[in-house]
Amino acid sequence: LERQKAERATLQARRELEEAIERERVASRYKSEFLASMSHELRTPMNAIRGYAELLARPHPERAVQEVWIQNLRRSTEYLLGLVHDVLDLSKIEAGHMRLEKSPTSLADALGSVEDLLAAGAREKCLDFSVALEGECPETFACDPVRLKQILLNLLSNAIKFTTQGSVR
């Protein structure tokens with residue numbers, strides 16, 4: 001009877017170990033997919049930053065043209081910084097250290113900020129792009145403003161990325 005109990009316990013432990021190994025294998029695959037995707041996402045704004053820096057290094061371009069380049073450079077660095085924050089947040093989540101803030105946040109301001117960041121990318125793809133609040137919405141509400149902006153950026157940048165013609169509204 002004791003031997004049967006020990007065999008059942010051993011079998012149960014083996015099953016749990018196999019399940020843990022499988023979970024780890026799946027997690028590893030997802031991490032690899034994430035890193036492959038993220039490396040592409042990081043290269044896009046980095047190439048834009050490098051390109052605009054090279055343009056700004058040219059002798060005597062028109063000031064108005066320079067201003068456009070500087071704006072695009074700023075947008076690209078903001079986007080790149082956002083991606084870096086996303087990667088760091090993933091690490092925090094995995095380590096169990098993610099803390100959410102809860103403060104008064106304006107949805108209109110968050111949407112305007114995201115629209116400013118993504119408008120140039122939509123124009124480059126010849127897409128009509130606009131963001132608008134419809135219906136009643138409180139002026140402010142309690143949420144984590146950084147996470148709200150991340151969510152909006154991810155949703156709208158994906159909409160632009162996967163739209164080949166027409167508009168994103």
Side-chain angles (χ1 to χ4, degrees), residues 16-57 67-133 137 140-169:
E16 289 173 4
L17 179 60
E18 288 171 356
E19 288 171 3
I21 290 170
E22 182 58 26
R23 282 192 305 271
E24 192 61 36
R25 199 174 295 138
V26 168
S28 177
R29 189 180 85 235
Y30 284 137
K31 276 185 183 181
S32 295
E33 289 173 9
F34 170 78
L35 289 173
S37 172
M38 190 53 64
S39 67
H40 171 75
E41 291 294 325
L42 291 169
R43 283 187 188 112
T44 301
M46 198 56 152
N47 284 331
I49 291 166
R50 183 177 45 179
Y52 284 115
E54 288 173 10
L55 289 173
L56 287 168
E67 289 296 325
V68 171
W69 294 344
I70 291 168
Q71 287 174 351
N72 289 335
L73 189 58
R74 285 185 180 134
R75 271 193 286 274
S76 294
T77 56
E78 285 294 319
Y79 182 69
L80 182 59
L81 185 59
L83 291 172
V84 170
H85 286 301
D86 288 348
V87 170
L88 294 175
D89 284 347
L90 179 64
S91 297
K92 285 181 186 177
I93 290 169
E94 285 187 336
H97 297 292
M98 174 60 82
R99 297 214 190 317
L100 295 177
E101 181 182 324
K102 191 172 184 182
S103 63
T105 304
S106 166
L107 180 58
D109 289 348
L111 284 169
S113 174
V114 169
E115 184 176 24
D116 290 345
L117 285 170
L118 299 178
R123 275 194 307 276
E124 287 173 10
K125 289 187 69 176
C126 299
L127 297 173
D128 184 29
F129 176 65
S130 64
V131 177
L133 283 173
C137 182
T140 62
F141 58 97
C143 75
D144 186 321
V146 173
R147 304 299 163 244
L148 174 64
K149 191 173 173 182
Q150 274 181 321
I151 292 166
L152 293 171
L153 263 171
N154 287 339
L155 288 171
L156 293 173
S157 65
N158 280 340
I160 291 168
K161 183 190 303 185
F162 295 109
T163 301
T164 56
Q165 63 183 0
S167 63
V168 173
R169 298 196 187 288

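All values below come from the heavy atoms of this structure, side chains included, with hydrogens, waters and symmetry mates left out.
- Taking 4.5 Å as the limit, every side-chain heavy atom of T140 sits out of range of all side-chain heavy atoms of T105.
- Residue R74 holds its CZ atom at 13.5 Å from OH of Y52, rounded to the nearest 0.5 Å.
- Proximity of I49 to S76: side-chain heavy atoms (C-beta onward) are separated by under 4.5 Å at one or more points.
- Evaluation of the salt bridge (Lys or Arg N to Asp or Glu O under 4.0 Å) rule for R23 yields no partner, not counting sequence neighbours.
- Separating the CZ atom in R50 from the CE atom in M46 is a distance of 8.5 Å, to the nearest 0.5 Å.
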After noting the C-alpha distance and the side-chain angles of S167 and L127, does the key distance pass the side-chain contact (heavy atoms from CB on, under 4.5 Å) rule?
-> CA-CA 5 Å; S167 63; L127 297 173; 5.9 Å; no

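- Annotation: side chain of D144 is not in contact with side chain of L148 (no heavy-atom distance under 4.5 Å).
- Test D109, L107, V114 against L111 for side chain to side chain contact (heavy atoms under 4.5 Å, CB included) and you get one pass: L107.
- Sequence neighbours left out, the pairs with a member in residues 113-126 that pass side-chain hydrogen bond (donor to acceptor under 3.5 Å, both in side chains) are S113-K149.
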With a cut-off of 3.5 Å and sequence neighbours excluded, list every side-chain donor-acceptor pair involving residues 150-159.
unit_1: Q150; atom_1: OE1; unit_2: R147; atom_2: NH1; d: 3.2
unit_1: Q150; atom_1: NE2; unit_2: D86; atom_2: OD1; d: 2.4
unit_1: Q150; atom_1: NE2; unit_2: D89; atom_2: OD2; d: 2.9
unit_1: N154; atom_1: ND2; unit_2: Q150; atom_2: O; d: 3.3
unit_1: S157; atom_1: OG; unit_2: L153; atom_2: O; d: 2.7
unit_1: S157; atom_1: OG; unit_2: N154; atom_2: O; d: 3.4
unit_1: N158; atom_1: ND2; unit_2: N154; atom_2: O; d: 3.3

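- Minimum heavy-atom separation, L55 to W69: O-CZ3, 3.3 Å.
- Judged as a side chain to side chain donor-acceptor pair (under 3.5 Å), and not counting sequence neighbours, the contacts of E16 are Q12.
- The shortest non-hydrogen separation linking F129 to A122 is CB-CB, 3.4 Å.
- Between the side chain of T163 and the backbone N or O of I160 there is no donor-acceptor pair closer than 3.5 Å.
- Under a cut-off of 6.0 angstrom, the local environment of CD in E67 is crowded, with over 12 non-hydrogen atoms contributed by other residues, nucleotides or ligands.
- Under the side-chain contact (heavy atoms from CB on, under 4.5 Å) criterion, A142 pairs with K102, not counting sequence neighbours.
- For R25, the salt bridge (Lys or Arg N to Asp or Glu O under 4.0 Å) criterion is met by E22, not counting sequence neighbours.
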